Amino acid sequence: MLPTQVPRIERVEAGDAPELLPALTEILLDCVAGGASVSFMAPLGHDKAERFWRGVLASAADGERIVLVGRDAGGLIAGTVQVILAQPENQPHRGDVAKMLVHRRARRQGLGEALMRAAEQQALQAGKTLLVLDTASDAAERLYTRAGWVECGRIPGYALLPGGEPCATTYFYKQLTGWT
């Protein structure tokens, strides 16, 4: 099914944090409840999810990362992605894409793709020419491959799914521009 409206992607600014915290917390809770391997075990408590986002938003306010949110056709925040800018001094050109999360009610509507395009654009504007990410999701792997990301390896038993079962992770990279 094709989306009837292109999702709206917004960069989170420091003053936005109090307004966005409930929606971001709900997205994380939903993804973990749905079985996504995103660093948390089930059941994930609301307070723990909110503490995670408070830390992420503080890091964004400090300029260490970019946080983007995506709104669905109804205007509700239904997805998010981060670009981690803070890297070792010998990797100033590299960024990490992290926590690309889409609420289950908003999947297969183009939101993940729009978030990834925006993350790449924001990273490039921040001077990053190489991005890396990892995922334990077959659906996410298909999305990244369609978007031109290159798979570079799979590590079996890398992490646990929220229910405790081991899962592999697949690493991808994308060169945004040539070396300068």
Side-chain angles (χ1 to χ4, degrees), residues 1-17 19-21 23-24 26-28 31 36 38-39 52-53 55-103 105-152 169-180:
M1 176 182 213
L2 294 174
T4 56
Q5 178 180 345
V6 175
R8 192 171 81 221
I9 308 301
E10 303 164 5
R11 183 171 174 163
V12 174
E13 302 299 334
D16 298 335
E19 173 194 336
L20 300 177
L21 191 59
L24 290 170
E26 174 55 33
I27 291 167
L28 179 58
C31 288
V38 292
S39 305
F52 167 77
W53 280 111
V56 166
L57 295 170
S59 177
D62 289 343
E64 298 170 337
R65 70 183 67 217
I66 296 167
V67 177
L68 301 173
V69 296
R71 294 183 184 270
D72 63 18
L76 298 174
I77 295 172
T80 183
V81 67
Q82 301 171 41
V83 179
I84 300 172
L85 303 173
Q87 300 296 334
E89 68 181 48
N90 70 338
Q91 300 168 45
H93 61 290
R94 184 176 70 78
D96 292 344
V97 174
K99 298 295 184 279
M100 211 289 282
L101 307 171
V102 176
H103 197 286
R105 69 175 154 71
R107 292 185 185 162
R108 299 190 185 279
Q109 298 175 28
L111 184 56
E113 182 181 347
L115 282 163
M116 288 303 295
R117 265 196 321 271
E120 292 169 15
Q121 292 168 350
Q122 289 286 318
L124 196 53
Q125 290 173 5
K128 303 300 181 180
T129 57
L130 175 68
L131 293 176
V132 297
L133 62 79
D134 71 280
T135 184
S137 163
D138 293 340
E141 286 185 28
R142 289 189 296 275
L143 169 68
Y144 302 142
T145 300
R146 280 194 318 269
W149 286 71
V150 179
E151 180 180 331
C152 56
T169 196
T170 304
Y171 280 86
F172 286 84
Y173 73 92
K174 188 167 188 180
Q175 188 76 42
L176 301 179
T177 65
W179 294 100
T180 57

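All of these numbers come straight from a predicted model, not from anything done at the bench.
Residue G70 comes nearest to I9 through the heavy atom pair CA-CD1, 3.7 Å, listed as atom of the first residue, atom of the second, then distance. In terms of heavy-atom proximity, T169 sits nearest to A136 at OG1-N, 4.2 Å. Closest approach of N90 and P92 over heavy atoms only: C-CD, 3.3 Å. Contact between G112 and M100 at its shortest, heavy atoms only, is CA-CE, 3.9 Å. The nearest pair of heavy atoms linking L85 to A126 is CD2-CB, 3.9 Å. Between A140 and T135, the shortest heavy-atom distance links the atoms CB-OG1, 3.4 Å.
The salt bridge (Lys or Arg N to Asp or Glu O under 4.0 Å) check on K174 picks up E120, with sequence neighbours excluded. Every residue was checked against the side-chain hydrogen bond (donor to acceptor under 3.5 Å, both in side chains) condition with T145, not counting sequence neighbours, and none meets it. With sequence neighbours excluded, the residues that form a salt bridge (Lys or Arg N to Asp or Glu O under 4.0 Å) with R8 are E10. E141 meets the salt bridge (Lys or Arg N to Asp or Glu O under 4.0 Å) test with R154; sequence neighbours excluded. For E19, the salt bridge (Lys or Arg N to Asp or Glu O under 4.0 Å) test picks out R71, with sequence neighbours left out.
Side-chain N or O atoms of Q175 include one that pairs as donor or acceptor with a backbone N or O of T177 at under 3.5 Å.
Between D138 atom CG and L143 atom CG the span is 12.5 Å, to the nearest 0.5 Å. In this structure, SG in C31 is found 10.5 Å from NZ in K99, a value given to the nearest 0.5 Å. Considering CD1 of I66 and NZ of K128, their distance stands at 9.0 Å, rounded to 0.5 Å. Here the CD atom belonging to E113 is positioned 4.5 Å from the CZ atom belonging to R117, to the nearest 0.5 angstrom. Summarising the geometry, atom CD1 belonging to I27 is positioned 7.0 Å from atom CG belonging to L101; distances are rounded to the nearest 0.5 Å. For the atom pair E13 CD and L20 CG, the distance stands at 10.5 Å (nearest 0.5 Å).
The 12-atom threshold is not exceeded at OH of Y173, counting heavy atoms of other residues, nucleotides or ligands nearer than 6.0 Å.
Side-chain atoms of V38 and L28, non-hydrogen and from C-beta on, do get closer than 4.5 Å to each other. Taking 4.5 Å as the limit, every side-chain heavy atom of L68 sits out of range of all side-chain heavy atoms of V12.
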Legend entry - Derivation of the side chain to side chain contact (heavy atoms under 4.5 Å, CB included) call for M116 and W149: CA-CA 10 Å; M116 288 303 295; W149 286 71; 3.6 Å; yes
Legend entry - Intermediate values then yes/no, side chain to side chain contact (heavy atoms under 4.5 Å, CB included), D96 and V83: CA-CA 6 Å; D96 292 344; V83 179; over 6 Å; no
Legend entry - Candidate pair W53 and T80, rule side chain to side chain contact (heavy atoms under 4.5 Å, CB included), full reasoning: CA-CA 11 Å; W53 280 111; T80 183; 3.7 Å; yes
Inset, instruction - Using the side chain to side chain contact (heavy atoms under 4.5 Å, CB included) rule, take V132 and F172 through it: C-alpha gap first, then chi angles, then the decisive distance, then the call. - result: CA-CA 6 Å; V132 297; F172 286 84; over 6 Å; no
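Using a cutoff of 4.0 Å between basic side-chain nitrogens and carboxylate oxygens, D16 and R11 are not scored as salt-bridged.
Legend: salt bridge (charged side-chain N to carboxylate O under 4.0 Å, His left out) pairs involving residues 57-69, not counting sequence neighbours: none detected.
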